[in-house]
Amino acid sequence: MNIELDFILRIFIASLLGGAIGLEREYRDKAAGFRTHFLVALGSALFMVISAYGFEGVLANDFNSPIRLDVSRIAAQVVTGIGFIGAGTIIFQKNAVRGLTTAAGVWVTAAIGMACGGGMYVLAVVSTALVLIGLEAFNYFLHRFDRHRDREHEEQE
């Protein structure tokens, strides 16, 4: 496969997987929805591709150069940057913390994008499935618990 098509496939799959998580968040009417998760996954995949392959030509003509490139440096900065964005989504209001799930969702979406950027498609797809299962399972149990609590409250009255 042409290397450029491989890179396009990586960012495309990352965008789809991030968008899938974003659709779930959009459905739940959360602040970070489809567009946010789509862009985070796309951007982090693109940063991974750039990190791993974007600087190959720098040392191509000088095989004796003592300079070595560390492809993990950009990936590490993506994690830091997304952590900063996630921190901005967390709100402390009326003695309650809100936005932690949104922050964690954006963070894991970046990791999924990075996995796609690194060509680890199966890991990215399984991670996306686990995120969606986790979000939906939590929502399911939360609603069951609320209904049970409401019934007990009605019986006490």
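These numbers were taken from a predicted model, which means no experiment stands behind them.
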Quick one: pull up [atom1] in [X] and [atom2] in [Y] and give me the separation to the nearest 0.5 Å.
| X | Y | atom1 | atom2 | value |
| --- | --- | --- | --- | --- |
| F84 | T89 | CZ | OG1 | 11.5 Å |
| I21 | I112 | CD1 | CD1 | 3.5 Å |
| N2 | I8 | CG | CD1 | 8.0 Å |
| L46 | I74 | CG | CD1 | 10.0 Å |
| L17 | L132 | CG | CG | 9.0 Å |

Following the transitive rule for hydrophobic clusters with a side-chain heavy-atom cut-off under 4.5 Å over Ile, Leu, Val, Met, Phe, Trp and Tyr, establish whether [X] and [Y] coincide in one cluster.
| X | Y | answer |
| --- | --- | --- |
| I50 | I11 | yes |
| V79 | L39 | yes |
| F7 | M120 | no |

Note to self: Could you list the cluster mates of Y27? Members are the ILVMFWY residues connected by side-chain heavy atoms closer than 4.5 Å, either directly or through other members.
What the structure shows: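 None; Y27 is a cluster of one.
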
Next item on the list: May I ask you to list the residues sharing a hydrophobic cluster with L16, side-chain cutoff 4.5 Å, ordered by chain and number?
Entry: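 Traced through the cluster, L16 reaches F12.
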
Check: What residues, two or more places apart in sequence or in another chain, satisfy side-chain hydrogen bond (donor to acceptor under 3.5 Å, both in side chains) together with Q77?
Finding: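 None.
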
[X]: partners by side-chain contact (heavy atoms from CB on, under 4.5 Å), with sequence neighbours left out:
| X | answer |
| --- | --- |
| I90 | V97, L100, A103 |
| A75 | M48, M114 |
| Y121 | D6, L9, R10, I13 |
| I82 | V40, V78, I85, V106, W107, A110 |

For residues 29-38, run the donor-acceptor check on the side chains, cut-off 3.5 Å, and write out each pair with its distance to 0.1 Å, sequence neighbours left out.
from : atom 1 : to  : atom 2 : distance (Å)
H37  : ND1    : G33 : O      : 2.9

Next item on the list: Over all heavy atoms of both residues, which pair between A41 and G18 is shortest? Give the atoms and the distance, please.
Entry: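 Distance-wise, the nearest heavy atoms are CB-CA, 3.7 Å.
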
Checklist line | Sequence neighbours excluded - side-chain hydrogen bond (donor to acceptor under 3.5 Å, both in side chains) pairs with any residue from residues 124-136 | finding: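 Sorted pair list: R28-E136.
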
